[in-house]
There are 2 protein chains.
Amino acid sequence: MDRRFTISELAKDFQITTRTIRFYEEKGLLSPERSGTVRLYDSKDRVRLVLILRGKRLGLTLDESRDIIDMYEPDSANAKQLKKLLTKIREKREFLKQQGKEINKMLSELKMAEQNCAVALANAA
Amino acid sequence: MDRRFTISELAKDFQITTRTIRFYEEKGLLSPERSGTVRLYDSKDRVRLVLILRGKRLGLTLDESRDIIDMYEPDSANAKQLKKLLTKIREKREFLKQQGKEINKMLSELKMAEQNCAVALANAA
DNA sequence: ATACAGCTTGACGTTAACGTCAACGTAAGA
DNA sequence: TCTTACGTTGACGTTAACGTCAAGCTGTAT
């Protein structure tokens, strides 16, 4: 259960390049172990990658994703930090809810477009 | 009801810059009337802008947004075109549905993070 | 021992979506 | 008429998120 992965294993599993993974590390989103100079990734790193990639699909920047990921692991935090974090989390939630609404709008509009298109196709036949 | 707008009126209304609006035109997303050299925008252009900006918030590229906008107005199309269009629309809808699911995942995770954070805050007090 | 696959760190190139600046035209009010 | 505000077209600059070499180290199978 404590298997480690090489960078190219990760790349294959997540369908990204090794360059991308190293880039995420540069940006402070990952910090794998090192065996000498070589990077070794564990399951926590994999979770982080899942979150990063989901964030990307949702249009978040890497900086935003890093913020969110940090939310999942409130480290040795004092009350002030925690309050700030709570605020951030709530903001992010509001943003995502809004995003959800916009998606629904677009979905219903596309549905109408689809119907129009189908009708036009039927008439053309 | 057929009022026209200047570029800076639009910019103000939509909270974007005139540069942005001209850029969208360069990219083929808008094609306003001209009164001499001056651009004049009508309500259809405003609708397009709404769609473009929503697309942006949903993480679509401008090219993708242009495709979608074109879906709303199937011009003189033949059957082949329409079928292609239908396929595209359905793909886009699947993509957006998936996006909606991911948002819900992230929302529930953030909810947990929020609770953890709140608990930690209570303990710290 | 060597060949080769896989890892490393730079360093520079690329694309999208604008920002910024320059140089110019134009319409309307003082 | 002259300024002032707003419009125009280039052209170059910028940031994020990687891609693409180059040059070198490393472990292992032959």
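Proteins come first, then strands; the chains are lettered A, B, ... in the order of their sequence lines, and each starts at number 1. Just so you know, these numbers use all the heavy atoms, side chains as well, and skip hydrogens, waters and symmetry mates.
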Chemist: Please write out which residues are connected to Leu40(B) in a hydrophobic cluster, directly or through intermediates, given that two of Ile, Leu, Val, Met, Phe, Trp, Tyr count as joined at side-chain heavy-atom separations below 4.5 angstrom.
Modeler: Val38(B)
Chemist: Between the protein and nucleotides 26-29 of chain C, which nitrogen or oxygen pairs are less than 3.5 angstrom apart?
Modeler:
none

Chemist: My understanding is that only residues two or more places apart in sequence, or in another chain, count here; which of them pass side-chain hydrogen bond (donor to acceptor under 3.5 Å, both in side chains) with Gln98(B)?
Modeler: none
Chemist: In a table with atom names and distances, give each donor-acceptor pair under 3.5 Å that connects a side chain of residues 11-18 of chain B to protein atoms at least two apart or in another chain.
Modeler:
| residue | atom | partner | partner atom | Å |
| --- | --- | --- | --- | --- |
| Asp13(B) | OD2 | Arg46(B) | NH1 | 3.0 |
| Asp13(B) | OD2 | Arg46(B) | NH2 | 3.0 |
| Thr17(B) | OG1 | Arg19(B) | N | 3.4 |
| Thr17(B) | OG1 | Thr20(B) | N | 3.1 |
| Thr17(B) | OG1 | Thr20(B) | OG1 | 2.9 |

Chemist: Report the distance from atom CZ of Arg34(A) to atom P of dC25(D), rounded to the nearest whole Å.
Modeler: 17 Å
Chemist: Could you tell me how far apart Ile7(A) (CD1) and dA5(C) (P) are, to the nearest whole angstrom?
Modeler: 19 Å
Chemist: Specify the separation, in whole Å, of atom CZ of Phe5(A) and atom P of dC7(C).
Modeler: 14 Å
Chemist: What integer distance in Å separates Glu64(A):CD from dT15(D):C1'?
Modeler: 14 Å
Chemist: In whole angstroms, how far is the P atom of dT8(D) from the CD atom of Glu26(B)?
Modeler: 12 Å
Chemist: Go through the structure and list residues passing salt bridge (Lys or Arg N to Asp or Glu O under 4.0 Å) with Asp67(A), not counting sequence neighbours.
Modeler: Lys88(A)
Chemist: Under the salt bridge (Lys or Arg N to Asp or Glu O under 4.0 Å) rule, collect the residues that match up with Arg66(A), sequence neighbours excluded.
Modeler: Asp63(A)
Chemist: In whole angstrom, what separates Leu40(A)'s CG from dG6(C)'s P?
Modeler: 16 Å
Chemist: For nucleotides 17-24 of chain C, give me one character per nucleotide, 5' to 3': B if any protein heavy atom sits under 4.0 Å from the base, S if the only such contacts are to the sugar-phosphate, - if neither.
Modeler: BBBB----
Chemist: Would you please name every residue forming a side-chain hydrogen bond (donor to acceptor under 3.5 Å, both in side chains) with Ser65(B), sequence neighbours left out?
Modeler: none
Chemist: With side-chain contact (heavy atoms from CB on, under 4.5 Å) as the criterion, how do Ile68(B) and Leu51(B) come out once you've worked through the C-alpha distance, each side chain's angles and the decisive distance to 0.1 Å?
Modeler: CA-CA 9 Å; Ile68(B) 289 192; Leu51(B) 297 176; over 6 Å; no
Chemist: State which residues pass side chain to side chain contact (heavy atoms under 4.5 Å, CB included) with Lys105(B); sequence neighbours excluded, sorted by chain then number.
Modeler: Arg54(A)
Chemist: Whole angstroms only, please: what is the CD1-P distance between Ile52(A) and dA16(D)?
Modeler: 16 Å
